[in-house]
Amino acid sequence: MARVKRSFYLRPTLTVAKDLLGKNIVRKIGNRKLKARIVETEAYLGPKDMAAHTFGGKVTKRNKTVFKKGGHIYIYLCYGLHWQLNFVTRKKGVPECILIRAAEPVSKRKIVGKTNGPGKLCRWFGLDKSFDKEDLVNSKRIWLETDGDKIKKSQILSSERIGIEYAKEWARKPWRFYLRNNSFVSRK
DNA sequence: ATTCGGATTCTCT
DNA sequence: GAGAATCCGAATA
């Protein structure tokens with residue numbers, strides 16, 4: 001298993017969103033490692049995307065991490081109780097990112113908790129505000145690994161993104177990607 | 001200083 | 001399917 005390199009995150013966001021499927025998130029806590037394979041993502045495409053926090057290109061206290069170069073973590077609190085894990089993409093100054101909505105635990109022994117939703121995923125991994133601005137390329141406590149297995153195109157489905165009805169025509173963009181027949185996907 | 005509401009989840013019906 | 005839980009960032013003044 002090799003750590004995913006910077007160049008992976010600098011590519012077009014929709015490409016990265018699809019390529020993230022099948023990658024393992026590795027979270028190191030003490031001398032334990034939690035691993036889960038990404039099965040569902042959503043792309044948020046910067047200033048033009050009304051559903052994105054960076055809509056209009058305005059830099060705010062919350063969204064400024066998204067303007068960093070690809071490979072950083074953007075995490076924020078939603079509805080007052082759920083953390084949402086995002087990976088920043090593209091070069092510095094291009095505010096695009098990908099929401100990780102669900103993953104499938106890769107582990108010998110049973111680990112309590114669910115990972116089939118963005119809030120649940122963060123709780124399972126023990127993520128919070130302190131992970132904002134974390135660099136997946138260098139971090140000692142969280143990163144991405146690939147085993148080289150490529151997900152076949154035929155296994156990837158797309159749909160409209162979830163929970164952004166207010167975003168008018170942008171709400172209809174098919175920028176959610178997930179693995180076919182995977183029981184950890186948050187919704188059909 | 002105050003108000004508003006959300007990239008969700010859980011519980012109960 | 002509906003409603004609640006619960007916080008902070010962002011917008012308004």
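No hydrogens, no waters, no symmetry mates; every other heavy atom, side chains included, goes into these values. Below, read A as the first sequence line, B as the second, and so on, with proteins coming before strands; counting in each chain starts at 1.
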Rounded to the nearest Å, what distance is computed from the [atom1] atom of residue [X] to the [atom2] atom of nucleotide [N]?
{"X": "A:N86", "N": "B:dA7", "atom1": "CG", "atom2": "P", "answer": "11 Å"}
{"X": "A:R161", "N": "B:dT8", "atom1": "CZ", "atom2": "P", "answer": "12 Å"}
{"X": "A:L121", "N": "B:dT8", "atom1": "CG", "atom2": "C1'", "answer": "13 Å"}
{"X": "A:I75", "N": "B:dA7", "atom1": "CD1", "atom2": "C1'", "answer": "13 Å"}
{"X": "A:M50", "N": "B:dG6", "atom1": "CE", "atom2": "P", "answer": "14 Å"}
{"X": "A:N116", "N": "B:dC10", "atom1": "CG", "atom2": "C1'", "answer": "12 Å"}
{"X": "A:E165", "N": "B:dA7", "atom1": "CD", "atom2": "P", "answer": "10 Å"}
{"X": "A:Y44", "N": "B:dG6", "atom1": "OH", "atom2": "P", "answer": "13 Å"}

> Starting at the 5' end of DNA chain B, which residue's closest nucleotide do you reach first, A:L85 or A:K114?
Replying inline: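 Final value for this comparison: A:L85.
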
> Could you run down nucleotides 4-12 of chain C 5' to 3' and tag each one B, S or - for protein heavy-atom contact under 4.0 Å?
Replying inline: -BBB-SSS-

> Using purine N1 to pyrimidine N3 plus N6-O4 or O6-N4 for Watson-Crick, or N1-O2 and O6-N3 for G-U wobble, both under 3.5 Å, which nucleotide pairs with B:dA7?
Replying inline: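 B:dA7 is unpaired by these criteria.
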
>> For C:dT6, give the paired nucleotide (Watson-Crick: N1-N3 plus N6-O4 or O6-N4; G-U: N1-O2 and O6-N3; both under 3.5 Å), or none.
In response: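 WC or wobble partner does not exist here.
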
Do [X]'s NZ or CZ and the ring of [Y] fall within the cation-pi criteria of under 6.0 Å and 45°?
{"X": "A:R176", "Y": "A:Y178", "value": "yes"}
{"X": "A:R3", "Y": "A:F8", "value": "no"}
{"X": "A:R62", "Y": "A:Y76", "value": "yes"}
{"X": "A:R141", "Y": "A:F131", "value": "yes"}

> Would a hydrophobic clustering, with Ile, Leu, Val, Met, Phe, Trp and Tyr connected at side-chain separations under 4.5 Å, put A:F87 with A:L10?
Replying inline: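 Cluster IDs for A:F87 and A:L10 differ.
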
Write down the protein N/O and nucleotide N/O pairs, taken from nucleotides 11-13 of chain B, whose separation is under 3.5 Å; answer none if there are no such pairs.
none

>> For A:Y74 and A:H53, take the angle between the two ring planes, folded into 0 to 90°, and tell me which bin it lands in: parallel under 30, tilted 30 to 60, perpendicular over 60.
In response: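 Correct class here is perpendicular.
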
> NZ of A:K133: more than 12 outside heavy atoms within 6.0 angstrom?
Replying inline: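 Atom NZ in A:K133 is crowded, with more than 12 foreign heavy atoms closer than 6.0 Å.
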
>> Heavy-atom count check: over 12 atoms from other residues, nucleotides or ligands less than 6.0 Å from A:R187 CZ?
In response: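 12 or below, so no.
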
Base, sugar-phosphate or nothing for [X]? Non-hydrogen atoms, less than 4.0 Å.
{"X": "A:L99", "value": "base"}
{"X": "A:R187", "value": "nothing"}
{"X": "A:Q84", "value": "sugar-phosphate"}

>> Would you measure the distance from the C1' atom in C:dG3 across to the matching atom in B:dG5 and give it in whole Å?
In response: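 To the nearest whole Å, 16 Å.
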
>> Please check this pair: side chain of A:E40 against backbone of A:S186, looking for a donor-acceptor N/O pair closer than 3.5 Å.
In response: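 Yes, A:E40 side chain to A:S186 backbone: donor-acceptor pair under 3.5 Å.
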
>> Between A:F125 and A:I25, is the side-chain contact (heavy atoms from CB on, under 4.5 Å) condition met? List the steps.
In response: CA-CA 9 Å; A:F125 272 119; A:I25 300 172; 3.6 Å; yes

>> Less than 4.0 angstrom between a side-chain N/O of A:R123 and OP1 or OP2 of B:dT8, yes or no?
In response: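 Negative; the distance criterion is not met.
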
